[in-house]
Amino acid sequence: MGFLLGSNCDRSDDQEKIRVALYVQKAALHFIEAVNRLESKPSENVMQAGFAIEAEELASIARTQDIKSLESCGGIEGLATRVSVSFDQGVSSREISNRQNIYGHNQYAEKPPRSFWMFVWEALHDLTLIILIVCAVVSIGVGIATEGWPKGMYDGLGIVLCIFLVVIVTAVSDYKQSLQFKALDKEKKNVIVQVTREGSRQKVSIYDLVVGDIVHLSIGDLVPADGCFISGNNLSIDGSSLSGESDPVHISKERPFLLSGTKVQDGSGKMMVTAVGMKTEWGRLMATLSETGEDETPLQVKLNGVATIIGKIGLAFATMTFIVLLGRFLIEKADHHRLTKWTISDVLQLLNFFAIAVTIIVVAVPEGLPLAVTLSLAFAMKKLMSDRALVRHLSACETMGSANCICTDKTGTLTTNHMVVSKIWICDQIKPVKSSDNKEVLMSSFPEEVYAILLQSIFQNTGAEVTKGRDGKTNILGTPTDTAILEFGILLGGDSKIHRRESEIIKVEPFNSVKKKMSTLVSLPNGGRFRAFCKGASEIILKMCDKVISNDGKSVQLSEEHRKRISDVINEFACQALRTLCLAFKDVGNNGDSIPEDNYTLVAVVGIKDPVRPGVKEAVKTCLAAGISVRMVTGDNINTAKAIARECGILTDDGLAIEGPEFRKKSPQEMEEIIPKLQVMARSLPLDKHTLVTKLRHVFKDVVAVTGDGTNDAPALAEADIGLAMGIAGTEVAKESADVIIMDDNFSTIVNVAKWGRSVYINIQKFVQFQLTVNVVALMLNFISACITGNAPLTTVQLLWVNLIMDTLGALALATEPPYEGLMKRSPIGRNARFITRIMWRNIIGQSIYQIIVLVILQFDGKRLLKLSGSDATITLNTVIFNAFVFCQVFNEVNSRDMEKINVFRGVLESWVFLGVMFSTVAFQIVIVELLGTFASTVHLNWKLWMISVLIGAASLPVAVILKCIPVKVSKCSEVQKQNDGYQPLPSGPEMA
């Protein structure tokens, strides 16, 4: 090639010849590159550089939607050649890592996670902690000046150590939580796509997608990368996520570009990936956006208001305590005529008063409330993830606990979603179908001519595809219905490849929820003739037919009597809980422009069995016992829907089953009359589901959960309080509209989500009850003591330790309690219910009175009661008060495990987090009292004083029993709401104030 170029240059200055020679040279280099890629050997540096340039070029074609650049490359076929891909074979598994190295991974660049030290730094920014650090530094300086080294620094150093412990525990908790949310977010974005690889259709993770992959798209799918259209039927894309335009974009050979992040609105098709990850248009857009955090949940917003009020009360008490301590100090100095003689020890005393006041604010401000909510939600999310439920939004967890109505699909949610053909009506005969039947037995039951047209109706009109896995087994990818019919065709001895080769598919109208049918137009092998195939909802297809196939394979006129007999067969199948579909065809002569809508010949009525999932009946029963009504909304025949609903326990004798068309005809007033009794809606359209959800939420004030799997379910999922998308059968549009993704499509998992949602709410209530009790006692004890004695019995270090018990450790212990079965035997929490209930106020006030009385008695008469004397009597008494106060909180934390039941030890051995926190608290309390007395202002206690401290704390257990025997008046609004919602009064349920 160099010789050719050189000779041309030597003989002539003709620029055209030079240009041609350069072009030939470039073409040869491309040929060599292509050969090397086919051999999977693009490892040389020169080759890597060449591919890098090509990657940018490929990416820009789709991103800029440059049709001229595409044409200059030879169209989509030319692009396929350049990336060494066959449309039929797809990418080889050997090439995956190589392509990822050259073209990049299909992942978006994310900001690096914040390090642990960033969380430490954020924790140190708390204003009250900063004030305490300043106080500690001043205390160390003044202490050393008055008492010398090292004794003078003990008080200040104790505050510093306690602050350090608070900061570390907070930072560790926040850091672990951030890692957990990051893992959940990655799982949330892990979409499964269907691609052709090594000649077969496979499911792969979106993260494993590479340039050159042949991706199959259907309604509701997310376009996983930038690419170009290969082939398809009526493919329309919703590009609003990128362009902001709501109008669908119709994809064709003339407009072949598909961009990552858009969604398939209608039709189906295949695309070749030309750019992945950060080279896509969506990736470039993501690079310009800053990372946004999770919004606060409604419960967090509500609790932030509670925290603000409590903080203001704490500030008032802290101010009053400081004023009282300062006033008494000044009065004492005036009495001793020392008002003008100030010493460093006086300054240290004032600084101590100020530190106590600041610490009271630290204790009073319940910063543990948001932490408790986040911990509880994160813990629930992690557990639900292991139970096959992915929570996309934090608020969904707590909202699900308030749900009192679930509108559920049938197929895949209540049933197994593994459909098989159970019966078939053909040639006026009903034939049972068993998987154990062999091909010869089935073939012999059909006349040869009928057998041929039946196989054509199955294999020429399907959205499913037969593939072979690496293990050699036959797999069918497609919707459950298509899969069942295709499996039946294979059982009959049909071969999808043979039937696809016999005729060419001219046009396809994919199934959608409005038409409830799928149609295909094919050209017959003898040329010049076309045949249309149609399958779908039995009532709809039967109306389109005016003929029926006879035993000899001929089309005969369909009389009204015959039509009635077929309708009876359809109803008979439906009453046996079989989903019915009709198969039909029509010869359309030489007109192959459009698919006809009438005058079809009915071939067969197919009855498909989809068994009810194990455990669904029990799950529905659990919902009803919990005051959650269950409504089935399905597109199936009403007889099928009623049969399944009865089997699941949804449809009762006094319940109502209605069809979508009938529901739509109702006036708003009539709808409001029937909805309370409505338990089944069959033959429903997406608008029917959306209307039902809207009425339930806005008219009946229900908290509604809705399940959905299709793109058509997106409006209802978005309208509901909690949208539950199916992880297996669900489209990406449905998942994007949902709050929770049910990974196993199982109704029992939905009930589990409701149970965990209730657990979250109850756990936060437990924590608030516990924290408010500590707040009240700590504030009142220090204030009363300051007013009477001029001293605070609890020092700054001690109060900081109590704050750690109350906030971080208390949140960890109570907010992570697992749910118990009794949660699903109480009524749902009302939409506008007050968070702090009367039962909680009863427990808070009762325990606070007990603790204040006992600790105040110890404060003013403890020396006599405990027979303390000597120079250490005061500090020993203060140590006992501190010890007793801490053990009161330890045992009250046990009391808070159940706000109503007397047995607070139920399931405690299963709650390892709670046990761990209790053990750690007691162990560290022993260390503080016995070993860290210099820093914590405590002294060694003998076993009798330890026993007294523990008994004072343990006495809160019988106090709690007495309190729980005090009846709490049920508010009228709660009782009225329960009666309106049809709930049975549950004696153990928390009544709302």
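- Residues that satisfy the side-chain contact (heavy atoms from CB on, under 4.5 Å) test with Ile323, not counting sequence neighbours, are Thr319.
- Take Gln769 and apply the side chain to side chain donor-acceptor pair (under 3.5 Å) test, not counting sequence neighbours, and it matches Asn843.
- Side-chain contact between Val777 and Gln847 is absent, with no heavy-atom pair separated by less than 4.5 Å.
- For the pair Gln765/Ile836, no side-chain contact is recorded, criterion being any heavy-atom separation below 4.5 Å from C-beta on.
- Counting only heavy atoms from C-beta outward, the side chains of Gln859 and Asn878 approach each other to under 4.5 Å.
- Taking 4.5 Å as the limit, every side-chain heavy atom of Phe770 sits out of range of all side-chain heavy atoms of Lys766.
- Side chains of Glu930 and Leu941 form a contact here, defined as non-hydrogen atoms less than 4.5 Å apart.
- The heavy-atom pair separating Leu781 from Ile881 by the smallest distance is CD2-CG2, 4.4 Å.
- Qualifying salt bridge (Lys or Arg N to Asp or Glu O under 4.0 Å) partners for Lys755, counting only residues two or more places apart in sequence or in other chains: Glu821.
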Check residues 911-926 and write down every donor-acceptor pair under 3.5 Å in which the side-chain atom is one partner and the other belongs to a residue at least two apart or another chain.
unit_1 : atom_1 : unit_2 : atom_2 : d
Ser911 : OG     : Glu817 : OE2    : 2.4
Ser920 : OG     : Gly916 : O      : 2.7
Thr921 : OG1    : Val917 : O      : 2.7
Gln925 : OE1    : Trp801 : NE1    : 2.7
Gln925 : NE2    : Asn883 : OD1    : 2.9

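- Partners of Tyr850 according to the side chain to side chain donor-acceptor pair (under 3.5 Å) rule, which considers only residues two or more places apart in sequence or in another chain, do not exist here.
- Ser956 and Cys888 get closest at one heavy-atom pair: OG-O, 4.2 Å.
- For the side-chain contact (heavy atoms from CB on, under 4.5 Å) test, residues two or more places apart in sequence or in another chain that qualify with Met118 are Arg114, Ser115.
- No cation-pi contact links Arg897 to Phe905, judged by a cut-off of 6.0 Å to the six-membered ring centre and 45° from its axis.
- Proximity of Ile928 to Phe882: side-chain heavy atoms (C-beta onward) are separated by under 4.5 Å at one or more points.
- The closest donor-acceptor contact from the side chain of Arg842 to the backbone of Val968 lies at 3.5 Å or more, if one exists at all.
- Distance CZ/Phe891 to OG/Ser896: 13.5 Å, rounded to 0.5 Å.
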